[in-house]
Amino acid sequence: CFTTDAAMLAFISPLALVHKDIPPVLILQGEMDPTVPKQHSILLAERIHKLCGSERADLRLYPERTHADYAFMTDETAHTVVEFLDKHLK
């Protein structure tokens with residue numbers, strides 16, 4: 001459901017959850033996503049970079065993919081996730 005209530009939008013926004021101790025974040029964003037516009041992911045990554053440094057967020061944009069696109073279900077994507085986890089959990 002859609003709301004224009006500014007307080008509710010601020011409350012549910014991922015941007016409101018960014019703080020200096022946020023764990024590393026991997027964002028895999030389809031540029032054709034009709035649910036979450038790519039600009040939202042860009043803004044989130046920028047906010048994390050500004051507050052925590054560029055190593056804290058890794059934004060990957062995929063030009064032809066949509067939201068929860070089956071094209072994300074690949075060995076390449078799995079490798080990206082495992083590489084990210086190896087980097088930040090070891």
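Just so you know, these numbers come straight off a predicted model, no measurement behind them.
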In Å, rounded to the nearest 0.5 Å, how long is the span from [atom1] of [X] to [atom2] of [Y]?
X     : Y     : atom1 : atom2 : answer
Arg47 : Ile42 : CZ    : CD1   : 14.5 Å
Leu9  : Leu15 : CG    : CG    : 11.5 Å
Leu26 : Leu85 : CG    : CG    : 8.0 Å
Leu28 : Asp33 : CG    : CG    : 11.5 Å
Gln29 : Lys38 : CD    : NZ    : 9.0 Å
Asp86 : Leu89 : CG    : CG    : 8.0 Å

**Prompt:** Counting heavy atoms not belonging to Gln39, are there more than 12 under 6.0 Å from its CD?
**Reply:**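 Yes - once you tally the heavy atoms of other residues, nucleotides and ligands closer than 6.0 Å, there are more than 12.
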**Asked** So if you build clusters from Ile, Leu, Val, Met, Phe, Trp, Tyr with side-chain heavy-atom gaps below 4.5 Å, do Val36 and Leu59 land together?
**Response**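 No, Val36 does not connect to Leu59 through the hydrophobic network.
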**Request:** State plainly whether one hydrophobic cluster holds both Met32 and Phe72, where clusters connect Ile, Leu, Val, Met, Phe, Trp and Tyr through side-chain heavy atoms under 4.5 angstrom apart.
**Result:** no
Considering non-hydrogen atoms only, spot the tightest contact between [X] and [Y] and give its length.
X     : Y     : value
Pro14 : Leu44 : O-CD1, 4.0 Å
Ile22 : Cys52 : CG2-SG, 3.7 Å
Glu55 : His88 : O-CE1, 3.6 Å
Ala10 : Ala16 : O-CB, 3.2 Å

**Prompt:** How about Arg60 and Ile27: do any of their side-chain heavy atoms sit closer than 4.5 Å?
**Reply:**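 The answer is no; the side chains never approach within 4.5 Å.
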**Request:** Find out whether Leu43 and Glu46 are in side-chain contact, i.e. whether some heavy atom of one side chain is under 4.5 Å from a heavy atom of the other.
**Result:**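 When only atoms from C-beta onward are counted, Glu46 and Leu43 do touch, with a gap below 4.5 Å.
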**Request:** Could you verify whether a donor N or O on one side chain and an acceptor N or O on the other, from Thr80 and Thr77, lie under 3.5 Å apart?
**Result:** no
**Prompt:** What pairs with Met8 under side-chain contact (heavy atoms from CB on, under 4.5 Å), at least two apart in sequence or on another chain?
**Reply:**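 Met8: side-chain contact (heavy atoms from CB on, under 4.5 Å) contacts with Thr3, Asp5, Phe11, Ile12.
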**Message:** Donor-acceptor check, side chain of Asp69 to backbone of Thr66, threshold 3.5 angstrom: yes or no?
**Reply:** yes
**Message:** For Arg56, is there any backbone N or O sitting under 3.5 Å from a side-chain donor or acceptor partner on His49?
**Reply:** no
